[in-house]
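Read through the structure below, which is laid out as structure tokens, and then see the notes.
Side chains are part of it too, since the values below use all heavy atoms of this structure and drop only hydrogens, waters and symmetry mates. Numbers restart at 1 for each chain; the letters A, B, ... are given by sequence-line order, proteins then strands.
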Amino acid sequence: MPCALKITVTGRVQGVGFRPFIYSLAHKYNLKGTVQNNLDGLLIHVEGDKNSLKDLADEVRHSPPRLAKVDNITIQEAAPSGHDEFMIVPSENKGEAVPWLPADAAVCDLCTAEMNDPADRRYNFPFINCTQCGPRYTIIQGLPYDRPLTAMKGFPMCLSCKEEYEDPGNRRHHAQPVCCPACGPKLTLLNYTGHRLSENSNAIRQTIDFLKKGKIAAIKGVGGYHLACDPFQASAVDRLRQLKRRPQRPLAVMVKSVDAAREFCSLTKNEEQLLSRPETPIVILRRKEGCSLPDILSPGLSTLGVMLPYTPLHHLLLSGELPCLVMTSANTSGLPIFYRDDCQSDLNNLCDYLLTHNRPIERPVDDSVVQWDGEEIIYLRRARGYVPDPLTSKLNVNNILALGGDQKNTFAIGKEHYIFLSPHIGEVENEEMIHSLEDTLCHYKNWLKGEPECIAFDKHPLYETSALAKKLPGIKVPVQHHHAHHVSCMEDNSLMEPCLGIILDGTGYGEDGHIWGFEFLYGNAESVERLGHLSYTPLPGGDKAVREPWRTAAGMLLHYWPEEGRKLAADLFPEETVNLDVISRMVTNGINSPFAGTCGRLFDAVSAILGICTIATYEGEAAIKLADVIEGTALTAHEKEPYPFRVIATQDHGHLLDFSPMIYEIIQEKRQGVAARKIICRFHETIVSSCVQTILSVMAERPELNRTVVLSGGSFQNNYLRKEVKRQLRKKGFTVYTHQQIPIHDGGLSLGQLTIAAHVLKSLSHRKRGEKRCV
Amino acid sequence: MAGRISLAHGEGGELTHQLIQEVFIQSFGHGEQARLDAAVIPCFSGKMAVTTDSYVVDPLFFPGGNIGKLAVTGTVNDLAVTGAVPKVLTAGFMIEEGFPVSDLKKIVKSMAAEAETAGVSIIAGDTKVVERGSVDGIFINTTGIGAIGEKDLNPAAVKKGDAVIITGTIGDHGIAILSARQQLGLLTDIKSDCASLNTLLNQLIQQTEGIRVMRDLTRGGLATGLVELCEDFSISIELNETSIPVHEEVEGACEILGFDPLYLANEGKAVIIVDSKEADKVLQLLHSHEFGKNATLIGLVASISEKAGKLKLKTPVNTTRRLTRLSGMLLPRIC
Ligand SMILES: [Fe+3]
Ligand SMILES: [Mg+2]
Ligand SMILES: [Zn+2]
Ligand SMILES: [Zn+2]
């Protein structure tokens, strides 16, 4: 008597080779039935011997394909329907559930081996792929994910490819981008005037030659164009920096293998694994002592962003001759990445040569950036490979859109119990970036089939995202910046009960009109209470102070010590002596000097005081360069001694942190010639102690509060701060959470906003129901 | 006459009479009208333009002018950019008790002088004295009447590609006021651009074709002025940041203060939207005049839209910034 099972698998199961996998399992266990993709996920009907059914179910559960991310498997007994074979039946565009979109994945080992095999028909073919690898998100026009709705629709399969595509036992069964030299896209090398130089293998050969000569090439990748040059030629790197208008910000390199990475950087096992994952993110690694790569790749830093080749073309370019390339997104600072082929004339201004091909990029996406902090993965930029995998929520978040903030923007859209976080969009501060945000938003809406009914956004009155929110139809939910950070971290850890939060951040608009960013909170998505914060100091020049950390430092000195501050500032910043008169009057008379109490600006000030960075050329530069000094090294007992600071109990805001004694001592020590490293260590330790001490005084007054703490905000990208605050609070018996799946900086705001909006909607509908009952 | 204005100066009695005789009538020279309750003026043929504005400025005296001059130029310019030839003004004064009479005289004299330059007469006025603290020194309101000639502006003809011209450098007034406040110790001797533009603008209207609209720039600066123009006429304008003329010292002051010259006040600048074919001629005419010698083409009408127009700025790094009205946040009120 045959038995039958109905197995439903949801999660990232489409476009990842799940059907051929089931097909071969069915053959292995001699089972009959069907497998089908639909909008619900994967639907399997198998019948046959009871033990074999169990074996198949176990394998589905325990060893799914490499790209699959199974969210849920349900197995039900079913009535056998007498199938006499096992079949893959065509996709069905039916079902209610959330459409799942596959993410892009690096070329797999099997494909790489084929590509390197002179006997293979895809020898040296730069577009080789299979169900286990290749472009996905970036080539999809619409759902269901089938070839006619991808960028491959213009490339009809040749007979050999069609055979593989249709053979359920083949690795390329229903691999939508499958192709070969006979039927696939073509590579073309152009010079900057648009003149065609060569095609395919010749184009690769010539590109390598040009790069070796120190030229800059734009290379079409998965989510956009890269600009590439030889990192060992300082003049080429320098020119690239000028063209991109990016004087200091680190540039990532692509190295041909893990072994090559090991030549330049020290690597742990976890870092090796991160590098070689199908997502192939840029991994921030520590440069080795005596690393032969020039310092100008990451000026002032001991780290380097490294990634492995992820397209077949990358593998063909990186060879013994060229083991390493600078690979940076093709755009000038402040603009979105180039990805459209009709923009080639703009691209021509950025490069000498253009290595391109005729498979369109449907969706732009940047390279992801991650770091291993010794304990866990830190997502610095969540983009290619990670999007569009959704996060799951315990709440119904259907049709809520959260627009995030203006810096490191991501938006989030809710569908049922899933939250789709957009790829990193960037700094939304000009029309081009706003357009890029709107364009991505438009595609997400189409894919997820629905117009958002509720829009959450930041309370900052001057944010472009807030202006965008106001233009969209639907219920508007403005969310305070740090409440969003707090709830973002809670949601990232599925926490619902009120908890403590330490939010160390750059700049966020506060409820009192001042700039916040060193916040002690208690609450959850429903409401939050501000238990303490850093005392405010003026930022003379507003935004200008964010770009020029010396101003923030001067603002602090003049505010803390109206008499002596002017002299202290003049000693520290002799080159600004002329301007200090005006700056000090701006502070005294409150002219264009908004008040801020933020961790980011505190780091800026100390960085400027120590002369590490007085004027920033990229966001966070001062803080990043300061933190780099102690990164990855153990602190001595002397270095762990905090500077003096005060936690002042106030009536309205609970606890007010005052670091003026620390600032004073730092300046004295600098004068006395104390090593910068020691000052920086003690500064870090002071911030950590102040966090712990504030939490302890809060708990002493209100022992009824939950002893759970979430850590969020951009300043917690600082590894020492994050790890030490966590460690020390845990020692005191707190349960401490940081982010798991999304960035800790403003890139995670949208998740918090969306969750808060879901609660607002819930209480609105409760209230409505309540009103009806009353009537 | 006493050295300071007292409340009695506003009571309508002898002191009021004295004040009017000695300060206003002498300066404005209206012996005739003063005998009647209202000024009687000849009726202009065709259309007339009327505008009113109140002037409040701290400090009252600043490099390049004072509140009195401002009260004339501001109203004259509002008429001029409408395409009218300013004819007459009225002036209302609200004076704080204790205000020095000598200052009042200076202010009134410069009003008279500016009115003469602009070719308008001040034909009626009013004075109130209020208790100390009720106003800050002196507030002036002026109303202006002008005549629209045969040749008028033609906003309806505005089209894509039309040229956007500014008559000179931006932000001079804003920075002059800020530095005159002496709160900042700004090392600049920039003067306010405060000037009557009616002769210049009238000449343009008479001697060129295809002027669509003009707007004088005051507080809120070039950006706010153009945003309003874009919205009022449903056009989108794209400015080129590098071509916008900014006085070196204004730029230096903005650099240190963190201000954007696009949002700084002006009191003697206008933007002109004109058929691109006539742009060169307009520029030539402007350049030959003192108040237009730094005139520059700063952008183009990018599109005509059904909905509210937008103002965009191409930056030197090739990004496009959408400009909105002065937000008023973090910025002090500088005029
Ligand atoms: Fe933030
Ligand atoms: Mg006006
Ligand atoms: Zn593969
Ligand atoms: Zn083929």
### Query
Can you name the closest pair of heavy atoms from A:L350 and A:L227 and give their distance?
O-CD2, 3.9 Å
### Query
Between A:K544, A:E431, A:R245, which shows the greatest number of heavy-atom pairs under 4.5 Å with chain B?
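Looking at each option in turn, the highest pair count goes to A:E431.
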### Summary
Ranking A:M586, A:E548, A:H435, A:E429 by heavy-atom pairs under 4.5 Å to chain B gives rank one to A:M586
### Query
Salt bridge or not for B:R321 and B:E238, using N-O below 4.0 Å?
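No, B:R321 and B:E238 are not salt-bridged.
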### Query
Quick check, are the ring centers of B:H173 and B:F62 under 6.0 angstrom apart?
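Ring centres of B:F62 and B:H173 closer than 6.0 Å.
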### Task
Determine, stepwise, if the pair A:K476 / A:F457 fulfils side-chain contact (heavy atoms from CB on, under 4.5 Å).
CA-CA 8 Å; A:K476 306 294 187 305; A:F457 59 98; 3.8 Å; yes
### Task
Side chain from CB out, backbone as N, CA, C, O: work out which of these in A:R547 comes under 4.5 Å of a heavy atom of chain B, or both, or neither.
neither
### Summary
Honestly, the part of A:D543 sitting under 4.5 Å from a heavy atom of chain B is neither
